[in-house]
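To start, the structure itself, in structure tokens.
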There are 2 protein chains.
Amino acid sequence: MTTTEQKILEAARQVFLKKGMDGARMQEIANEAGINKALLHYYYRSKDKLFEAVFNEIFTQFITKISLVLLSDAPVKEKMSLFVDSFIDKIAANPFVPQFIIGEINRDPAIIKKMMQKSGFNPDMFVSLFGTQFKNLHFDVRHFIVSLLGLCIFPFAARPLIENVYFNNNSEAYDVFLFERKEYIKSMMLKFMEEE
Amino acid sequence: MTTTEQKILEAARQVFLKKGMDGARMQEIANEAGINKALLHYYYRSKDKLFEAVFNEIFTQFITKISLVLLSDAPVKEKMSLFVDSFIDKIAANPFVPQFIIGEINRDPAIIKKMMQKSGFNPDMFVSLFGTQFKNLHFDVRHFIVSLLGLCIFPFAARPLIENVYFNNNSEAYDVFLFERKEYIKSMMLKFMEEE
DNA sequence: AAATGGTTTAACTAAACGGTTAATTTTAAT
DNA sequence: ATTAAAATTAACCGTTTAGTTAAACCATTT
């Protein structure tokens, strides 16, 4: 059984994910949840508050996914492979998430601080933990992680464009491309990480 | 001397770039241009038309930049280096462009077709021309280009987040990071392209 | 100097928006 | 069964929004 509050959050999640804060309408969220608009304000006082709840949920989930694998103590190459596989699977299951997060942190950069402390993540944690794991390599940890994220996220965020240019808007063909992508990224990074 | 029409387009460009279609307000564009709001409708009938003009300008400029280097007949490794350097410089001079394009093509994927034909670019052109240039390598052209774009664009699109997590919101430090990025991407791709 | 026609403005309109209110229904405790 | 609290709704409110209108401006032409 799902409570009304959950139904609202789920509906808000769907609408906000697709349309973003600026494009979303309270009425549409209410319709999606199958309730009256006033009920949104009953449970979440304002559009801002409702959005914050949705963003927090999505952001926390996202950053948790990123950190879980990376904070494990597997060997770096193996860790990288694990990350690519699980991360791309995760995005494939929630394809709107990357573009949503990217859009909203650019709309309101201040939201990051708020979410970081709310979700209990400490920026230092990332730097130090990733750092100690990777320090034996001559790679720059930050560039390495940013590269990994960019390689995984970009094909989802820019999907409509790439799908048009390279796949003639064939959606199934693009799904195949996204599936192949895991192996491509892994082989690319492994070669880069080779010591010769 | 700049005409009112140009002033409007320039103002609209600034506002749309920062806030996107949904977040932009005609009044703000009018203020930015130092004119009356009705004048916007005099030159560009509607918000949609004005946005289309702005998007077309930005998109055409963007895709032209991408294609110019890639369509040259330089050797692939050299071409890749040229591309990374010039592309990152271009984005650094227009940091809002990537996020803007990504956001808007997701909001309205249909806009891509419209822009493609308006700007005279033919999708086939990319596939075939890139293809013939790269076909001697065992690399998948599409994955290769998507990787290159992701590596270059992502640090700009996700700047607020990365700047917070890795640079404690030190903007100058992040500019250095972006500058370093050119060399990092090039060395990464060169190693990947090596035949052993 | 009167008329013309493109340009610009202030004032206005209608619709959409986020949010409120007051009343009604449902739920749960006594 | 009665009552209080929680949940839900319809109607409404004030504001904001894109877009319109009619008149004023201003340089050229007649």
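Since the model is a prediction, treat every value here as computed from it, not as a measurement. The basis for the numbers below is simple: all heavy atoms, side chains too, and nothing from hydrogens, waters or symmetry mates.
- Using a 4.0 Å heavy-atom criterion, one finds that A:Ala24 contacts the sugar-phosphate atoms exclusively.
- Counting only distance, with no hydrogens or angles, the side chain of A:Asn168 and the backbone of A:Asn170 share no donor-acceptor pair below 3.5 Å.
- Across the protein-nucleic acid pair, A:Met26 atom CE and D:dT16 atom C1' stand 16 Å apart, rounded to whole Å.
- Residues A:Asn56 and A:Glu52 bring no donor and acceptor atom of their side chains to less than 3.5 Å of each other.
- Two rings, from A:Phe100 and A:Phe55, have their centers less than 6.0 Å apart.
- Spacing between atom CG of B:Asp48 and atom P of D:dG19 amounts to 7 Å, rounded to whole angstrom units.
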Distances for protein N/O vs nucleotides 6-9 of chain D N/O pairs under 3.5 angstrom?
| residue | atom | partner | partner atom | Å |
| --- | --- | --- | --- | --- |
| D:dA7 | OP2 | A:Tyr42 | OH | 3.0 |
| D:dT8 | OP1 | A:Thr4 | OG1 | 3.1 |
| D:dT8 | OP2 | A:Thr4 | OG1 | 3.0 |
| D:dT8 | OP2 | A:Tyr43 | OH | 3.0 |
| D:dT9 | OP2 | A:Asn36 | N | 3.1 |

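- Atom-to-atom, NE2 of B:His41 to P of C:dA11 comes out at 19 Å; the value is rounded to the nearest Å.
- The NZ-P distance, from A:Lys47 to D:dT16, rounds to 15 Å in whole Å.
- B:Phe62 pairs with exactly one of B:Phe96, B:Phe121, B:Phe87 by the ring-ring contact (aromatic ring centres under 6.0 Å, His included) rule, that one being B:Phe87.
- Atoms NZ (B:Lys19) and C1' (D:dT17) sit 15 Å apart, rounded to a whole Å.
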Steps toward salt bridge (Lys or Arg N to Asp or Glu O under 4.0 Å) verdict (A:Lys7, A:Glu10): CA-CA 5 Å; A:Lys7 254 177 18 192; A:Glu10 180 50 32; over 6 Å; no
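- Between B:Arg25 and the phosphate of D:dA18, there is a side-chain N or O to OP1/OP2 separation shorter than 4.0 Å.
- Here the P atom of nucleotide C:dG18 and the OH atom of A:Tyr44 are 17 Å apart, to the nearest Å.
- Here the side chain of B:Glu104 pairs a donor or acceptor atom with the backbone of B:Met21 at under 3.5 angstrom.
- Protein atom CG of A:Leu50 is 15 Å distant from nucleotide atom C1' of C:dC17, rounded to whole Å.
- Straight-line distance from the CZ atom of B:Arg45 to the C1' atom of D:dT20: 12 Å, rounded to whole Å.
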